[in-house]
Number of protein chains: 2
Amino acid sequence: MKKSSNHSANPRGDLSAQIAASIRDAIIAGELIVDDRLPSETELSEQFEVSRPTVREALKRLAAQALIRTQRGATGGAFVNHIKYAEAYDQQITTSTLLLSMNDISIVTACEARYALERACTPLSAARRSADHLATMRAEMHRQSQPGLSDEAFCASDVAFHRALVDGAQNPVMSYQLAGAVEAMQPLMNMITFTARSRERIVELHGQIADALEAQNGEDADAALIALEAYTVSLAKDVLEARKARG
Amino acid sequence: MKKSSNHSANPRGDLSAQIAASIRDAIIAGELIVDDRLPSETELSEQFEVSRPTVREALKRLAAQALIRTQRGATGGAFVNHIKYAEAYDQQITTSTLLLSMNDISIVTACEARYALERACTPLSAARRSADHLATMRAEMHRQSQPGLSDEAFCASDVAFHRALVDGAQNPVMSYQLAGAVEAMQPLMNMITFTARSRERIVELHGQIADALEAQNGEDADAALIALEAYTVSLAKDVLEARKARG
DNA sequence: AGACTTTTATTTGTCTGACAATTGATTTTT
DNA sequence: AAAAATCAATTGTCAGACAAATAAAAGTCT
């Protein structure tokens with residue numbers, strides 16, 4: 001790692017960014033595998049010919065992406081982390097949420113993506129859903145029917161319902177990919193005020209979905225999802241127009 | 001330096017992790033909006049009652065997630081970053097790739113997810129694809145037909161083809177979500193040796209897809225994708241069995 | 001010998017203080 | 001007025017130190 005005396009700005013960024021990229025590449029390329037221990041911070045600072053704070057900044061970058069974990073103590077150090085779905089979920093949701101809020105995506109576009117992807121799960125979910133998934137869906141529907149539920153709690157329950165639908169496909173890769181699409185919508189949905197009547201309609205459609213999945217009827221579930229998308233979009237449009245008229 | 005004397009381990013993690021989480025929450029909650037400037041590192045270290053290196057580690061964590069960018073100089077500092085799709089792509093692909101390789105996901109599972117999601121794009125892509133998307137697909141098919149192309153280059157071209165298909169839906173949210181599903185497959189696909197005959201078959205199916213999209217016929221494109229998935233899975237199984245027989 | 005305690009070595013976490021590099025703003029000079 | 005020099009603020013990097021955690025090693029007692 002020579003560093004070749006860089007006077008002009010480095011395309012890879014700061015030293016800590018370069019070092020982080022170097023280690024990240026090694027992990028992706030499989031040169032470092034799960035639970036491998038990286039050299040100690042002192043050793044790394046010697047190898048890369050930088051100071052320990054710089055190495056530490058690099059390691060924190062990697063830790064932020066859950067690529068490594070660190071442990072104190074005699075046998076401690078930085079270890080290549082086994083990325084679990086739960087950790088990847090969180091990251092994906094954070095990124096997706098900010099992406100939606102920062103690029104003024106319309107509700108129509110976001111809904112289109114979300115429901116298209118969700119509908120991709122329904123045939124699989126209809127075929128494979130367990131009793132557990134169905135029970136979760138029914139439980140969330142029950143919660144959604146309770147009066148006095150706040151809009152936020154209603155949205156959270158809505159997410160849980162759809163998550164059960166997705167998880168029913170029993171494909172962890174799909175569950176992971178869909179996490180961003182479904183959960184990132186929540187801030188957008190939170191803008192909507194759900195009246196008692198609209199909640200009733202949504203729960204009704206949820207019931208159709210749950211019934212169809214229970215009957216392993218993918219087509220009916222698909223149709224209900226299409227109706228749900230249309231209804232959600234129309235609700236959102238009403239809110240936007242009302243807001244425009246007022247403001 | 002009060003810090004309320006922490007003797008037991010903090011649930012939020014290290015100081016730098018806590019500070020990073022605190023700032024991240026502020027960004028997600030909208031208290032800090034795009035292009036807002038954070039206080040200088042010195043000011044932050046005073047506010048959080050920690051040293052500057054600790055603040056810097058926190059900022060590097062956020063930079064690794066593309067939540068902030070930093071700039072040197074008199075008017076420099078850390079700014080809330082406008083997350084663009086390109087940056088989010090990279091992160092998603094890195095995470096997805098590692099997730100697949102570390103959780104020994106079978107090729108069948110990964111393919112199932114990928115093609116299910118991709119098929120969710122086809123109706124939209126058939127309706128909206130531009131001449132540009134079609135041209136990209138044809139160009140990649142032409143590249144895939146050239147003899148002497150390495151397996152890796154063939155895979156890369158395959159990804160480019162499918163990316164054009166997805167982008168044809170003209171929905172940036174879908175493009176983003178699909179990036180992980182499509183690109184993360186590449187390392188898995190790179191294990192496959194593509195014979196001249198199998199390449200021919202794949203290009204043929206690609207042709208069917210391109211033709212169908214050009215004719216705005218979503219159903220034919222869907223059928224071709226199903227065939228492509230089945231063919232890919234059978235190729236992968238052959239490779240695995242051959243490897244098992246040898247090893 | 002075996003179980004318990006103490007010590008020790010290693011490593012990450014944090015702090016302090018310093019200097020270099022960058023860069024926009026300010027002042028001076030032409 | 002334009003160009004050049006200076007300045008000030010800020011991030012980037014470094015060196016060295018100490019605290020805290022932690023497991024292994026050494027020592028001690030029964």
Side-chain angles (χ1 to χ4, degrees), chain A residues 1-23 32 35-64 66-81, chain B residues 1-23 32 35-64 66-81:
Chain A
M1 297 293 162
K2 261 299 125 59
K3 281 203 307 176
S4 67
S5 73
N6 261 315
H7 284 281
S8 57
N10 200 305
R12 281 271 234 178
D14 301 332
L15 282 180
S16 69
Q18 291 174 43
I19 292 167
S22 168
I23 297 174
L32 291 167
D35 292 335
D36 270 2
R37 207 200 101 161
L38 274 64
S40 75
E41 294 176 354
T42 310
E43 285 173 308
L44 284 173
S45 69
E46 286 163 5
Q47 285 181 25
F48 286 101
E49 296 178 345
V50 298
S51 67
R52 192 157 85 92
T54 302
V55 166
R56 282 182 61 80
E57 286 177 9
L59 294 181
K60 294 314 166 199
R61 293 180 116 107
L62 299 175
L67 293 182
I68 62 170
R69 63 178 186 281
T70 54
Q71 211 175 0
R72 284 222 269 209
T75 58
F79 298 84
V80 177
N81 195 32
Chain B
M1 301 294 157
K2 267 296 127 63
K3 282 204 303 173
S4 69
S5 70
N6 260 317
H7 284 283
S8 55
N10 200 306
R12 280 271 235 177
D14 300 333
L15 282 180
S16 69
Q18 292 175 42
I19 293 167
S22 168
I23 297 174
L32 292 167
D35 293 334
D36 270 3
R37 207 199 100 160
L38 274 63
S40 74
E41 295 176 353
T42 308
E43 286 173 307
L44 285 173
S45 68
E46 286 164 4
Q47 285 181 25
F48 287 101
E49 296 181 344
V50 298
S51 66
R52 192 159 84 95
T54 302
V55 166
R56 282 183 61 81
E57 287 177 9
L59 294 180
K60 294 315 165 199
R61 294 179 115 109
L62 299 175
L67 293 182
I68 62 169
R69 64 180 187 281
T70 55
Q71 211 175 358
R72 286 221 267 209
T75 60
F79 298 85
V80 177
N81 195 33

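Each chain gets a letter, A, B and so on, in the order the sequences are listed, and its residues count up from 1.
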Q: In whole angstrom, what separates B:F48's CZ from C:dG13's C1'?
A: 18 Å

Q: Is there side-chain contact between A:L59 and A:L38, with at least one heavy-atom pair below 4.5 Å?
A: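 Result yes, sub-4.5 Å side-chain heavy-atom pair found.
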
Q: B:R69 and B:D35: side-chain contact (heavy atoms from CB on, under 4.5 Å), yes or no, with the steps?
A: CA-CA 9 Å; B:R69 64 180 187 281; B:D35 293 334; 3.0 Å; yes

Q: Atom CD of A:Q18 to atom C1' of D:dG12: distance rounded to whole Å?
A: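 Going from A:Q18 (CD) to D:dG12 (C1'), I get 12 Å.
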
Q: Do side-chain atoms of B:R37 reach the backbone of B:G76 as a donor and acceptor pair under 3.5 angstrom?
A: yes

Q: Please report the distance, rounded to the nearest Å, between CZ in B:F79 and P in D:dA9.
A: 16 Å

Q: Mark yes or no for whether A:R52, through its side chain, and A:L44, through its backbone, hold a donor-acceptor pair below 3.5 Å.
A: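 It does not hold such a pair.
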
Q: Are any of B:T42's side-chain N or O atoms less than 4.0 Å away from OP1 or OP2 of D:dT10?
A: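 False: B:T42 side-chain N/O out of range (4.0 Å or more) of D:dT10 OP1/OP2.
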
Q: Could you go through nucleotides 7-11 of chain C and list every protein N or O atom that sits under 3.5 Å from one of its N or O atoms, giving the distance for each pair?
A:
unit_1	atom_1	unit_2	atom_2	d
C:dT10	O2	A:A74	N	3.2
C:dT11	O4'	A:G73	O	3.1

Q: Roughly, in whole Å, what's the span from CD in B:E46 to C1' in D:dA9?
A: 14 Å

Q: Could you list the residues that satisfy side-chain hydrogen bond (donor to acceptor under 3.5 Å, both in side chains) with A:Q71, not counting sequence neighbours?
A: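 Scan of A:Q71 (side-chain hydrogen bond (donor to acceptor under 3.5 Å, both in side chains), adjacent residues dropped) gives none.
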
Q: Where along residues 54-63 of chain B does a heavy atom fall under 4.0 Å from DNA chain C?
A: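 The stretch gives B:T54 as the residues lying under 4.0 Å from the strand, ordered by number.
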
Q: Are any side-chain N or O atoms of B:N81 and backbone N or O atoms of B:A66, one a donor and one an acceptor, separated by less than 3.5 Å?
A: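 Confirmed, B:N81 side chain pairs with B:A66 backbone.
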
Q: Run the side chain to side chain contact (heavy atoms under 4.5 Å, CB included) test against B:A21 and tell me which residues pass, sequence neighbours left out.
A: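 Listed in chain order: B:R12, B:R24.
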
Q: With A:L62 as reference, evaluate A:V80, A:T70, A:L67 under the side chain to side chain contact (heavy atoms under 4.5 Å, CB included) test and give the passing residue.
A: A:L67

Q: Can you list everything that forms a side-chain hydrogen bond (donor to acceptor under 3.5 Å, both in side chains) with B:R61? Sequence neighbours excluded, please.
A: B:S16

Q: Closest approach of B:A64 and A:A64, non-hydrogen atoms and distance?
A: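 Of all heavy-atom pairs spanning B:A64 and A:A64, the closest is CB-CB, 4.2 Å.
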
Q: Report yes if some heavy atom in the side chain of B:D14 is under 4.5 Å from a heavy atom in the side chain of A:K60; otherwise report no.
A: yes

Q: Polar pairs (N or O, both sides) under 3.5 Å between protein and nucleotides 15-18 of chain D?
A:
unit_1	atom_1	unit_2	atom_2	d
D:dA17	N6	A:R52	NH2	3.4

Q: In whole Å, what is the span from the CD atom of A:E49 to the P atom of D:dT13?
A: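 Answer to the nearest Å: 14 Å.
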
